[in-house]
Trainee: 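What follows is a structure written as structure tokens; I'll ask about it next.
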Amino acid sequence: MILAVSKLKNPSPPADGYCGRFAPSPTGPLHAGSLAAALGSWLDARKNGGKWLLRIEDLDTPRCIPGADQQIQSQLLACGLFWDGEVSYQSARQTLYQKALERLNQQGQLYPCTCSRQTITNHLAALGIQTPRHQEIVYPGTCRPILLEGNANGVITDSKVAWRIALPKNCQIDFEDLALGSQSQDLNTQVGDFVLRRGDGLFTYQLAVVVDDADQGITHIVRGEDLLSNTARQIYLQTVLGYKTPHYKHLPLVLDEHGEKLSKQTLATQINTQDERHSLTELRKATRHLGLSGLPDGESITIAEWLLAATRAWS
Ligand code: GLU
Ligand code: ZN
């Protein structure tokens, strides 16, 4: 199956209106990188007269920091990035993910996997495939025979197995990114059958994000380029779950002085929103990262006025 999601370039506004979102994981407060992603998706939504939702992606509980969700919300508010409606929390939406998972299982698309990382590398080595360090390993389908033997349609419970989706033979995903142009990923050779529910019982980001974006009617996903390599998996899941594929726009990443992406893991410093003047300075830095220029400088402008100018300048 070759899935081509074409004609996404220069979209006319979708019939049901633009709906964007910012979906931070509460693993720490906002830093320059996450603020740039938030601002980019906010500007895109406002420019298009759309809605902008805030969704806290707090499924990976071991990585979540208590209170970070509140911190993120106050930082966004301090920067004038108001969201529409209630904040949603993935931890409160798990029945939806379970339903989607069971649907796929009933269609015979899932199989349980008990492989450790070591089992996978051993299997790859036996196939003569090197697994470069620091690179995502492509799952070679070690447990897939369970599916072929017809034993996979078990009940998905809390037992210690991961659940993977079995990809069709040809699974090249083509899509048009609104910022980066034509993109293509062959899921079999670059990812392999991927996990939708982990052995520790947690639903994965790939499943939850797809279910939520569809359930919340998201039409435009504007986010950092670090998430680009997940997009093909998400489009594939949308297809098998019968969801519409939203438009994607991936924004340039903010790099530190060593050329590394800023992240909460590398302890990037949180933005300073102690008062309006500091928040405005952070916003100005974020727009420079996003490549916007010609915005009003000077101290006498309010955040609201400045955001209006930034929205006009956004394309
Ligand atoms: N929660 C993800 C993150 O913070 C982003 C999800 C997304 O925008 O698709 O990296
Ligand atoms: Zn396995």
Side-chain angles (χ1 to χ4, degrees), residues 20-31 33-38 40-42 44-45 52-61 63-65 68-69 72 76 87-91 93 110-124 137-148 151-152 160-166 177 192-199 202-214 216 218 220-235 237-238 245-251 253-254 261-266 268:
R21 50 50 159 200
F22 178 51
S25 306
T27 52
L30 294 181
H31 51 71
S34 38
L35 178 66
S41 67
W42 187 91
D44 208 65
W52 190 68
L53 309 185
L54 176 61
R55 181 170 76 225
I56 304 290
E57 303 211 320
D58 58 347
L59 283 183
D60 194 352
T61 36
R63 290 182 53 232
C64 294
I65 306 246
D69 61 315
I72 292 172
L76 290 172
V87 181
S88 61
Y89 283 79
Q90 287 192 322
S91 53
R93 300 169 58 81
L110 304 185
Y111 62 88
C113 166
T114 47
C115 293
S116 63
R117 211 184 157 81
Q118 194 57 52
T119 323
I120 299 173
T121 10
N122 291 350
H123 189 181
L124 285 168
I137 44 180
V138 177
Y139 183 68
T142 318
C143 291
R144 198 202 265 235
I146 302 172
L147 185 63
L148 303 176
N151 296 330
K160 298 239 165 295
V161 295
W163 287 81
R164 290 185 184 268
I165 187 154
D177 184 274
D193 295 346
F194 53 98
V195 175
L196 300 187
R197 189 173 189 265
R198 295 177 1 188
L202 297 179
F203 297 105
T204 60
Y205 159 64
Q206 308 295 352
L207 177 69
V209 82
V210 163
V211 170
D212 282 341
D213 287 334
Q216 299 183 312
I218 304 298
H220 288 71
I221 295 179
V222 180
R223 60 186 179 188
E225 224 178 277
D226 53 328
L227 294 161
L228 179 66
S229 64
N230 296 284
T231 309
R233 266 170 276 188
Q234 293 168 12
I235 292 175
L237 282 181
Q238 287 151 6
T245 288
H247 302 296
Y248 286 96
K249 187 187 268 188
H250 288 89
L251 304 171
L253 291 185
V254 178
K261 132 180 151 115
L262 289 186
S263 74
K264 295 161 206 159
Q265 284 76 26
T266 60

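We number each residue from 1, following the sequence as shown. Each ligand, and each atom within it, is numbered from 1 in the order the structure gives.
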Trainee: Give the atom numbers and elements of ligand 1 that come within less than 4.0 Å of a heavy atom of R223.
Mentor: 7 (C), 8 (O), 9 (O)
Trainee: So, R21 versus Q216: side-chain donor-acceptor pair below 3.5 Å or not?
Mentor: no
Trainee: Please report, to 10°, the angle around the Zn ion (ligand 2) from atom SG (C115) across to atom SG (C143).
Mentor: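 Rounded to 10°, it measures 110°.
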Trainee: Flag the pair Y248 / L227 as yes when at least one side-chain heavy-atom distance between them is below 4.5 Å, and no otherwise.
Mentor: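 No - every pair of side-chain heavy atoms lies 4.5 Å or more apart.
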Trainee: If you measure from each non-hydrogen atom of L227 to ligand 1, which part falls under 4.0 Å: side chain, backbone, both or neither?
Mentor: side chain
Trainee: Closer than 2.8 Å to the Zn ion (ligand 2), do we get an N, O or S atom from T119, backbone or side chain?
Mentor: no
Trainee: Suppose I only count heavy atoms of S25 and a 4.0 Å limit; which atoms of ligand 1 are within that range?
Mentor: 1 (N), 2 (C), 3 (C), 4 (O)
Trainee: Could you check R233, R144, R164 and say which one makes a salt bridge (charged side-chain N to carboxylate O under 4.0 Å, His left out) with D193?
Mentor: R144
Trainee: Should Q234 be listed as contacting ligand 1, given a heavy-atom distance under 4.0 Å as the test?
Mentor: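 Contact absent.
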Trainee: With a 4.5 Å cut-off on side-chain heavy atoms, are I65 and P26 touching?
Mentor: no
Trainee: By number and element, which atoms of ligand 1 are closer than 4.0 Å to a non-hydrogen atom of R21?
Mentor: 7 (C), 8 (O), 9 (O)
Trainee: Which label fits F22 and W52: parallel for a plane angle under 30°, tilted from 30 to 60°, or perpendicular past 60°?
Mentor: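 Rings of F22 and W52: parallel, as their planes differ by under 30°.
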Trainee: Atom CG of N230 and atom CD of Q206: how far apart are they, to the nearest 0.5 Å?
Mentor: 4.5 Å
Trainee: Side chains of T231 and R223 only: does a donor on one sit below 3.5 Å from an acceptor on the other?
Mentor: yes
Trainee: For V209, take its heavy atoms, then give the atoms of ligand 1 lying under 4.0 Å from any of them.
Mentor: 9 (O)
Trainee: What's the SG-the Zn ion (ligand 2)-OH angle here (C113, Y139), rounded to 10 degrees?
Mentor: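 Rounded to 10°, it measures 100°.
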Trainee: Any heavy atom of Y205 closer to ligand 1 than 4.0 angstrom?
Mentor: yes
